[in-house]
Amino acid sequence: MKKLIIIGLVLLSTLMGSIAQLLFKISSENILSFYLLLAVLLYFFAFIFYMFALKKGELSFVFPILATSYIWVSLFSFYFLNEGFSFLKIFGIVFILLGISLVGGKSD
Amino acid sequence: MVKVIELWIFLIILVVSLLSAFGGLYLKLSSKDFRLSFKVFKNKFLIFGVLFNVISLGLYVYVLKFEELSVLFPFVALNYVWVSFLSKCFLKERIKLIRLFGILFIVIGVSLVGFS
């Protein structure tokens, strides 16, 4: 159960961080500083969630879950930025997910 | 078929990796005393952890101007290996073999995502 909470915290953290990265990219095209401010705020909260996850779990367990940010970013770039989704990328995402479930051990 | 990477770029990316890994370690060390208050800014591990990660990111963004992402990404993927070593050495975490396999998969996965 504790592992699930940690995974959830890090997933939230990487999700917010990835949205922030997306907003950074969007804001550079529109020079809308609102997006930039939101991005900074998101990064801040992402950091807080990550720190609470670190409080609860071992570094060698928590840190690898950060790799999910690559999954989020790939999904967001596909949906919002119309970037391609190659077979290699899907393979990579599957490997990341497999890897994280192995790192997690018993509970996933 | 093997791409040769310039030495200075390789050295910088090595520094990026090390800084990122130690930054992660310091953040873990600071997490014990982490709480939602302004006193948290006095924590040296937190300050250096954030600083190392910020410098690492800055160097990475810089070196990306000179080399392709698909070449640099595998080095970034190695971060997960360094952090495991550091956790074992400094935090005395016992790492089961299955976790190492998981990290290997993640390294491969991250490299593949960056390669495409």
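Lettering of chains follows the sequences in order, A, B, ..., and the numbering in each one begins at 1. Below, all heavy atoms of this structure are taken into account, side chains as well, without hydrogens, waters or symmetry copies. For clarity, every value in this text was computed on a predicted model and none was experimentally measured.
- For B/Val76, the part lying under 4.5 angstrom from a heavy atom of chain A is the side chain only.
- When heavy atoms are compared at a cutoff of 4.5 Å, B/Lys32 approaches chain A solely by way of its backbone atoms N, CA, C and O.
- A/Phe63 and B/Tyr80 have tilted rings, their planes meeting at an angle from 30° to 60° on a 0 to 90° scale.
- For a residue to count as touching a neighbouring chain, one of its non-hydrogen atoms must lie under 4.5 Å from one of that chain's; by this rule B/Ile98 touches chain A with backbone and side chain alike.
- Residue B/Leu104: no heavy atom, backbone or side chain, is found under 4.5 Å from chain A.
- Of the listed residues (A/Ala53, A/Ser60, A/Ala67), the one with the most heavy-atom contacts under 4.5 Å to chain B is A/Ser60.
- The side-chain heavy atoms of A/Val62 and A/Tyr50, taken from C-beta on, include a pair separated by under 4.5 Å.
- For the pair A/Lys55 and B/Phe34, the cation-pi test (distance below 6.0 Å, angle within 45°) is failed.
- Partners of A/Ser18 under the side-chain hydrogen bond (donor to acceptor under 3.5 Å, both in side chains) rule, at least two apart in sequence or in another chain, do not exist in this structure.
- Heavy atoms closer than 4.5 Å to chain A are found in the side chain of B/Phe73, but not in its backbone.
- Contacts of B/Leu27 with chain A are made by both backbone and side-chain atoms, with heavy-atom separations under 4.5 Å.
- For chain A, the nearby part of B/Val50 is the side chain; its heavy atoms alone come within less than 4.5 Å.
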List the atom pairs, with distances to 0.1 Å, where a side-chain N or O of residues 76-98 of chain A and a protein N or O form a donor-acceptor pair under 3.5 Å, not counting sequence neighbours.
| unit_1 | atom_1 | unit_2 | atom_2 | d |
| --- | --- | --- | --- | --- |
| A/Ser77 | OG | A/Val73 | O | 2.3 |
| A/Glu83 | OE2 | A/Lys25 | NZ | 3.3 |
| A/Ser86 | OG | A/Lys89 | N | 3.3 |

I'd like to know whether B/Phe48 forms a ring-ring contact (aromatic ring centres under 6.0 Å, His included) with B/Phe22, so could you lay out the CA-CA distance, the side-chain angles of the two residues, the decisive distance to 0.1 Å, and finally the verdict. CA-CA 9 Å; B/Phe48 278 105; B/Phe22 274 100; over 10 Å; no

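- Between A/Ile6 and A/Phe61, some side-chain heavy-atom pair lies under the 4.5 Å cut-off.
- When each of B/Ile108, B/Val110, B/Asn79 is scored by its heavy-atom pairs under 4.5 Å with chain A, the top score falls to B/Val110.
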